[in-house]
Amino acid sequence: MRDLSSARKLVMVLGPTEIEDDVLALGAMPQQYNRTQEFSLFLGRVFKNLQYLFQTEMPVYVLSSSGTGAMECAITNLLSRGEQALYVNGGTFGKRWGDLCHKHNVIAEEIVLPIGTSVSCHEIERRLIANKNIKVVFTTLNETSTGVLTDVRSVAAVTKKYGVLLVVDAVSALGVEEVKMDEWGIDVLLTSSQKALSLPPGLGFIAFSEAAMRAAEKSNLRIFYFDIFEYFADWKRNQTPFTPPISLLYQLDARLEKITQETLQKFQERYLQLTMRLRTGLRSLGLHVAGNPLANCVTGVLAPEGVDASEVVRVMNEKFHISIAPSPGDLKTRLFRIGNFGNISESDIDYCLASLKETLIILEKEKNL
Ligand code: PMP
């Protein structure tokens, strides 16, 4: 059992996550000069393991940014002012694609989904037939605000058919969901460090297909810090264009080595078992797990009738020292979310479920006061 006090929470949000002590300790290792042969050798291993994670032969670039930086990197390299894109808005993070497009003067068509549902590839095909000027489709693998998964493989078959580029935000999914960048024909795939990779926040990762690199040559939105050709030039010599967060790279290396040794498939299965344990437990408490199809490690739970979901989050935090996530916007009072990314054990899940049961009893009593 963990030692939980008000200063030490059990973190079961959707990132950041619980991190094992050995990986945490690597963050305190002495710094070293990054422009050396030795460091290039080390980065070469990291780069190779990232290709395994992304299931690609293309370079995977390491950005000093959070996930949104990687999203901005995708847009600014692929498109030019006044060009057209399509994005899927299934919640907070899908909507962010639209915000980024508007910021960069890209004309963005939106597919708005009813909350808790996934995009149909027929709808994407319909939009691409109706508007031949769409150059890029932006999607979200796991819409973290609801925990709903996109069938990216089928979407990729459609974008390929129409010669349109497909960008996939896999910030809350890469690692714990099956994604095959090259085989499925994804053009840009991106993620960040603080979710399935269970590292501190601060690193973004992005890979471009050959078609995406060709599009980048024509973009007039490319900005200095995220110019993909700068990253490519340095990637070839196992370096990064700008000083990377070296401590995070030590931790990344350890994580990728662990995943590679375990294999991606076993890593995913292990997390799926924990996710299922959580969902089975939630249902046995009479709670409704929301959304369909659901992503691994992210579970949206509807608060029971008459209970405010944000109160559940508060009591879990104050009384049981567990951080679970509230929901954004209109869902705030209806849905709370539980994550099991990172160093979460079966007994953590059981403790979370037992605490939730107590929390609901406490809230019921408060209601009747
Ligand atoms: N996309 C998705 C699917 C996310 O879950 C998040 C973070 N919750 C982001 C993008 C944004 O990432 P960051 O906060 O690291 O910028």
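Along the sequence shown, residues are numbered consecutively beginning with 1. Whatever order the structure lists them in is the order used to number ligands and atoms, beginning at 1. It should be emphasised that the depicted structure is a prediction, and the values quoted were computed from it without experimental measurement.
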Contact check: Arg96 vs ligand 1, nitrogen or oxygen atoms, below 3.5 angstrom = no

Between Val171 and ligand 1, which residue portion shows a heavy-atom distance shorter than 4.0 Å: side chain, backbone, both, or neither?
-> side chain

Identify the closest protein heavy atom to atom 8 (N) of ligand 1: which residue and atom is it, and at what distance?
-> Lys195 NZ, 2.8 Å

Partner of Ser193 under side chain to side chain contact (heavy atoms under 4.5 Å, CB included), chosen from Thr17, Leu203, Leu252 = Leu203

Any sub-3.5 Å donor-acceptor pair from Glu123's side-chain atoms to Ser120's backbone N or O?
-> no

In terms of heavy-atom contacts, Gly82 and Ile107 come closest through O-CD1, 3.4 Å

Under 4.0 Å from one or more heavy atoms of Thr68, ligand 1 contributes atoms 11 (C), 12 (O), 13 (P), 16 (O)

For atom 6 (C) of ligand 1, the closest protein heavy atom turns out to be Phe93 CE2, 3.3 Å

Atom indices of ligand 1, in the order listed, that fall short of 4.0 Å to a heavy atom of Thr144 | 2 (C), 3 (C), 4 (C), 5 (O)

State, to 0.1 Å, how close Asn343 and Tyr271 come at their nearest heavy-atom pair, and which atoms those are.
-> N-OH, 4.5 Å

Any chance CD of Glu57 has more than 12 other-residue heavy atoms, nucleotides or ligands included, within less than 6.0 Å?
-> no

What atoms in ligand 1 come closer than 4.0 Å to a heavy atom of Ser66?
-> 13 (P), 15 (O), 16 (O)

Would you call Glu72-Arg96 a salt bridge at under 4.0 Å N-O?
-> no

Considering the heavy atoms of Met71, write down every atom of ligand 1 situated less than 4.0 Å from one of them.
-> 10 (C)

Is there any N or O on Gly67 that sits under 3.5 Å from an N or O of ligand 1?
-> yes

Say whether, by atom type as modelled, one donor and one acceptor occur between the side chain of Lys195 and the main chain of Ala173 under 3.5 angstrom.
-> no

Is Gln194 near ligand 1, meaning one of its heavy atoms is under 4.0 Å from it?
-> yes

Winner among Asn142, Asp169, Thr140 once heavy atoms are compared against atom 1 (N) of ligand 1 = Asp169

Evaluate the ring planes of Trp235 and Tyr61, with Trp represented by its six-membered ring, and classify them as parallel (under 30°), tilted (30 to 60°) or perpendicular (over 60°).
-> perpendicular

Mind checking whether Glu143 contacts ligand 1 via backbone (N, CA, C, O), side chain (CB onward), both or neither, at a 4.0 Å heavy-atom cut-off?
-> neither

